[in-house]
Amino acid sequence: MRLAGVSVVYTETGLDSPGARVAALRDVSVRVARGEKLGVVGANGAGKSTLLRVMAGVVKPDAGQVDDGGLSCAFLSLQAGFDNELSGERNIVMHGMLTGLTRKEAQARIPAVAEMSGLGDALARRVSTYSTGMRGRLCFSTAIDLDPEVLLLDEIFSVGDIEFREKSERIMLERFQGDKAVVFVSHNLKMMERVCGRVIWLDNGRVRAAGAARDLIAQYRKASSQTADGA
Amino acid sequence: MILIQTHLWRYALYRAYLNLVGEAAKLHLGWLWWFLEPIAMTAVFFAVFTYLRPMRGGGIENFTAFLIIGVTTWLWFANAVGNCTDVLVGARAIVSQMRLPKLLFPTIAVVSASLKQVFVFVVLLLFIGAMFGVSWTWLFLPLLAVTQLVIILATAAVVAFVCCCVRDVRFLVRSGLTLMMFCSGLFFSIDDLGAEWRFWFRLNPMAVIIEQYRAVLLHHSSPDVAWCLGAVAVGALFLFGLKWLYQRFDRTLTRRIIA
């Protein structure tokens, strides 16, 4: 997957500054190789989620080119597009149907998702009754069970307990071997260092640096602590 | 596939079914409301036009049945189109997550309203059958329903698109529907209007389709098949144009929904 010179500008519709244009990404070029585990770091509002949305084809850029290489992508964030009024099971079925499965095929996935998420009987309850951690479990398990070629994860491991994080990290590493790629946005830098080979650092919509995970995370940590000290 | 891919049609049907189940679960009378709502609205119109304006209905034979056919047919259109004002903005959570054709969302709204309409038509046909008997012309009803569905789908897609791009328009949709209702011959026969008015009223496809339902159900006569086929053809062309429009402005729609 390759992004070349991608820029995305949003127009504000809110109460305070309607019509204001906000550049979420500015001239960003990124290449994700087959089988690569790429991390994305940056402060809040740096453009990380927008970058994943562009990679997933959800948001089309205002400038630049995106070549997804015809690979199937699954974009995962805690919003996840779940219907809060429906049960976890119904949401699993609907998610599967949106990706092209028949209703029967989608229903057949429920036991696997139940096992992977550890949600058990809670899957029969409405999603509105779930904690954020439970949503994270449902979201990750639903998407990973579909076996996409590129997995785009947006802060999915910022919630949930240690057991789930360890389990999902293990599953992710097991399943995403070989040609399958993962792009991983997180503030959990330790996990990113373990999972990713390469990391890019987004700052105010631009790629500030890119490099080997260990070096870049050290650089990012240093800069973040300096900013915090300065503040 | 027509308008959206086959698997998305399957999703739209399932989603519409869940919408109905979910809505019914929140109501004390549940599914009964799918029957009670058109009955209540018909009763209101009947009371108003029979007792408050006694001159109305006097010239029309079987005014109650005339009114019920008009109102039930109209409600299908009005509910489906009325539900589309916020349908794209309401899909924010899923649109920001997956690459989906935006035409899917007005389609779901129309399928939901159409499933409800199945119940309404069952009640309508039982009532009309008991009052006026069943005729072979009822075989034309599927053609009328398909014609109306195409009209509804095209209108709903336009409303959803425009309301997403210019949100102010949503305030005008209800007024527009009310105006259109009064121009659709629910309470009067378009044949009773002067020749100069008849032409203009019949430019409204809902006015013509309501006339066709009345012809089949009340007078046991054949509908204007040529008009129906023509309306389906024009509607289908219009829908393909709308599909192109949705694809062409997909980026704009996504930004409007996510922003």
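Protein chains get the first letters and strands the later ones, always in sequence-line order, with residue 1 at the start of each. All values below were derived from every heavy atom in this structure, side-chain atoms included, with hydrogens, water molecules and symmetry-related copies excluded.
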_side-chain hydrogen bond (donor to acceptor under 3.5 Å, both in side chains) partners of B:T155, counting only residues at least two apart_ = none
*Kindly determine whether A:K60 and B:D250 satisfy salt bridge (charged side-chain N to carboxylate O under 4.0 Å, His left out), including the steps that lead there.*
CA-CA 9 Å; A:K60 288 181 186 164; B:D250 186 69; 3.6 Å; yes
*Side chain from CB out, backbone as N, CA, C, O: work out which of these in A:T102 comes under 4.5 Å of a heavy atom of chain B, or both, or neither.*
both
*Using a strict 4.0 Å threshold on nitrogen-to-oxygen distance, state whether B:R15 and A:D83 make a salt bridge.*
yes
*Under 4.5 Å, counting heavy-atom pairs only, tell me which of A:C73, A:G96, A:G57 racks up the most with chain B.*
A:G57
*Give, as side chain, backbone, both or neither, the part of A:L101 having an atom under 4.5 angstrom from any heavy atom of chain B.*
backbone
*asked:* Report which part of B:Y14 has an atom under 4.5 Å of a heavy atom belonging to chain A: side chain, backbone, both, or neither.
replied: side chain
_Given heavy-atom pairs under 4.5 angstrom as the criterion, report whether the side chain, backbone, both or neither of A:D62 touches chain B._
both
*First locate atom CH2 of B:W74, then atom CE of B:M206, and finally report the distance between them rounded to the nearest 0.5 Å.*
6.0 Å
*Among pairs that include at least one residue of residues 164-184 of chain B, which meet ring-ring contact (aromatic ring centres under 6.0 Å, His included), considering only residues two or more places apart or in two chains?*
B:F182-B:F187
_Residue B:R10 versus chain A: region with a heavy atom under 4.5 Å_ = both
